[in-house]
> 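Here you go, one structure.
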There are 2 protein chains.
Amino acid sequence: VRENFRRNLADVQAELADLADTAASTVEQATTALIKADLSAAESTERLNNEIRGRLTEVENQTYDLLALQAPVASDLRILVMVVRLGADIARMGSLAGHIAETARLRHPQHVLPDALIPAFEKLGEAAKRMATEAGAALRSRKTTDAARLTSEDDVVDQLRLDLFQRIAESWPYGAETAADVALLGRYYERFADHAVAIGDGVIYLVTGLPAEQGAE
Amino acid sequence: VRENFRRNLADVQAELADLADTAASTVEQATTALIKADLSAAESTERLNNEIRGRLTEVENQTYDLLALQAPVASDLRILVMVVRLGADIARMGSLAGHIAETARLRHPQHVLPDALIPAFEKLGEAAKRMATEAGAALRSRKTTDAARLTSEDDVVDQLRLDLFQRIAESWPYGAETAADVALLGRYYERFADHAVAIGDGVIYLVTGLPAEQGAE
């Protein structure tokens, strides 16, 4: 039973890794929607988002069934909770990409972003996509080094967001509404990145049994 | 063993209810910090927030031990996950109140809000505090009516936030930085309220065994 459990748990992690890749696609599509005022990219974001939700419900049910088949000890329960938490992180990433796409959809056919800010959001979009992909890779490889790298990538996103705030605070010719949109969009990318880091920390926990601070190499 | 489990689970829910009350205090203090540029209220927010985190870790450990003592069936595992999720909702509420207080702290001794916007944020603060208190009451009473009421309160918060956006979009004499601050603050209150609703939905699930849509009266 025990071996079966480990093997099935690996299946669950592989499915979560695929879903992290799907989250990478949602933020890529959302960034395209934002930068190009592209409605079809906004719709793809929503479609991918719904796909994530549906598949996560299945993964969760699978995990419950898996555990109910054996007499779980406390460490199994912690693994269960971690798996469900990782699923919730991926779901939030999809929702946040959805908010980005929705901002583009609401302003369409106008563009949300002034041209001068497009490079900053291209960088945010690339970093967010890369972090989701790396979160998926960490779930697949179960290497704590892969997971730990996410934290330094997160610093890049935080810095990009700080730069945007600096621009808003110093001289801002684009009006209050765009300032509000940019502040919120920056927040969505930041939270997306935070959830990718949380997935990395979760992998460290699953591999080492220790919280990220002690478990990372 | 079974009866013991039910009784201990009730203890865990009572502790979560107390923590929801503490979350109500964090957002109350944070709103005071914001509206009065009051540093000591910002510090109280942080202190309460740390208290929530510490006590949640204990509740979680208690829940794992509780379940490991018996042979849990799938429905017990769902209860475990729901308890951990409710804890995570309360933790996020504390963090969001922390972001509100931190905004006040960063701008101190200046005030973040122009006088004209103080009434709107007083209302947001009151609604958020009330929702956290009601989430605690629902955890205590285990009545689905208490839980379901949170959804209509949430509409109030959403409307207040939409009004703020309207003001930013129409005529805004307060500059881009304040627009960015107000947009983010509105988002923090909105998310705080969302987590209170999620706690209500969790109570409905714990009482009825059904997701909120089917389980609510």
Side-chain angles (χ1 to χ4, degrees), chain A residues 57 60-85 87-89 91-92 95-96 99 103 106-107 161 164-188 190-191 194-195 198 211, chain B residues 57 60-85 87-89 91-92 95-96 99 103 106-107 161 164-188 190-191 194-195 198 211:
Chain A
T57 307
E60 251 185 59
N61 291 337
Q62 213 178 316
T63 315
Y64 289 121
D65 292 345
L66 193 58
L67 271 168
L69 283 177
Q70 62 161 23
V73 295
S75 65
D76 296 334
L77 298 176
R78 285 173 190 275
I79 288 171
L80 160 71
V81 168
M82 184 52 77
V83 165
V84 174
R85 275 193 174 159
D89 283 314
R92 282 300 302 156
S95 299
L96 289 159
H99 291 333
T103 307
L106 283 173
R107 300 277 182 260
R161 195 180 168 226
L164 284 172
F165 269 91
Q166 205 68 23
R167 290 177 85 145
I168 292 173
E170 279 168 6
S171 80
W172 185 261
Y174 312 115
E177 190 173 22
T178 301
D181 280 343
V182 165
L184 287 172
L185 289 165
R187 172 84 182 154
Y188 300 146
E190 183 207 16
R191 291 297 299 157
D194 287 345
H195 287 288
Chain B
T57 307
E60 251 186 58
N61 291 337
Q62 214 178 316
T63 314
Y64 289 122
D65 293 344
L66 194 58
L67 271 168
L69 284 177
Q70 60 161 25
V73 295
S75 65
D76 296 334
L77 298 175
R78 285 173 190 274
I79 289 172
L80 160 71
V81 168
M82 185 51 78
V83 165
V84 174
R85 274 193 177 161
D89 283 314
R92 281 301 300 156
S95 299
L96 289 160
H99 291 332
T103 307
L106 283 172
R107 300 277 183 261
R161 194 178 171 228
L164 284 172
F165 269 92
Q166 206 68 21
R167 291 177 83 145
I168 292 173
E170 278 167 7
S171 80
W172 184 262
Y174 311 114
E177 190 173 23
T178 301
D181 280 344
V182 165
L184 286 171
L185 288 165
R187 171 86 182 152
Y188 300 146
E190 183 207 16
R191 291 297 298 157
D194 287 345
H195 287 288

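Here the structure is a predicted model, which is why all the values come from computation and not from measurement. Letters A, B, ... mirror the listed sequences (proteins, then strands); counts begin at 1.
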> So, taking the atom named CZ in Phe165(A) and the one named CD in Glu177(B), what distance separates them when rounded to the nearest 0.5 Å?
9.0 Å
> Just so I understand: if I count every heavy-atom pair under 4.5 Å between each of Asp181(A), Val81(A), Val182(A) and chain B, which residue has the most?
Val81(A)
> Is Arg167(B) close to chain A through its backbone or its side chain, or both, or neither, when contacts mean heavy atoms under 4.5 Å?
neither
> Could you tell me which non-hydrogen atom of Ala179(A) sits nearest to which non-hydrogen atom of Ala179(B), and how far apart they are?
CB-CB, 4.4 Å
> Let me confirm one number: the CD1-OG1 distance from Ile168(B) to Thr178(A), rounded to the nearest 0.5 Å.
11.0 Å
> List the steps, then state whether side chain to side chain contact (heavy atoms under 4.5 Å, CB included) holds for Asn61(A) with Arg78(B).
CA-CA 10 Å; Asn61(A) 291 337; Arg78(B) 285 173 190 274; 3.0 Å; yes
> So for Tyr174(A), is it side chain, backbone, both, or neither that comes closer than 4.5 Å to the heavy atoms of chain B?
neither
> Can you tell which part of Glu60(B) gets under 4.5 Å to a heavy atom of chain A, answering side chain, backbone, both or neither?
side chain
> Under 4.5 Å from any heavy atom of chain A, what part of Arg85(B) do you find: side chain, backbone, both or neither?
side chain
> Can you list the steps and then say if Arg191(A) with Arg191(B) is a side chain to side chain contact (heavy atoms under 4.5 Å, CB included)?
CA-CA 12 Å; Arg191(A) 291 297 299 157; Arg191(B) 291 297 298 157; over 6 Å; no
> To check you understand the geometry: which heavy-atom pair defines the closest contact between Ala183(A) and Leu184(B), and what is its length?
O-CD2, 3.7 Å
> Give the C-alpha distance, both sets of side-chain angles, the deciding distance and a yes or no for side chain to side chain contact (heavy atoms under 4.5 Å, CB included) between Thr63(B) and Leu77(A).
CA-CA 10 Å; Thr63(B) 314; Leu77(A) 298 176; over 6 Å; no
> Which region of Leu80(B), side chain (C-beta onward) or backbone (N, CA, C, O), has a non-hydrogen atom less than 4.5 Å from a non-hydrogen atom of chain A, or is it both or neither?
side chain
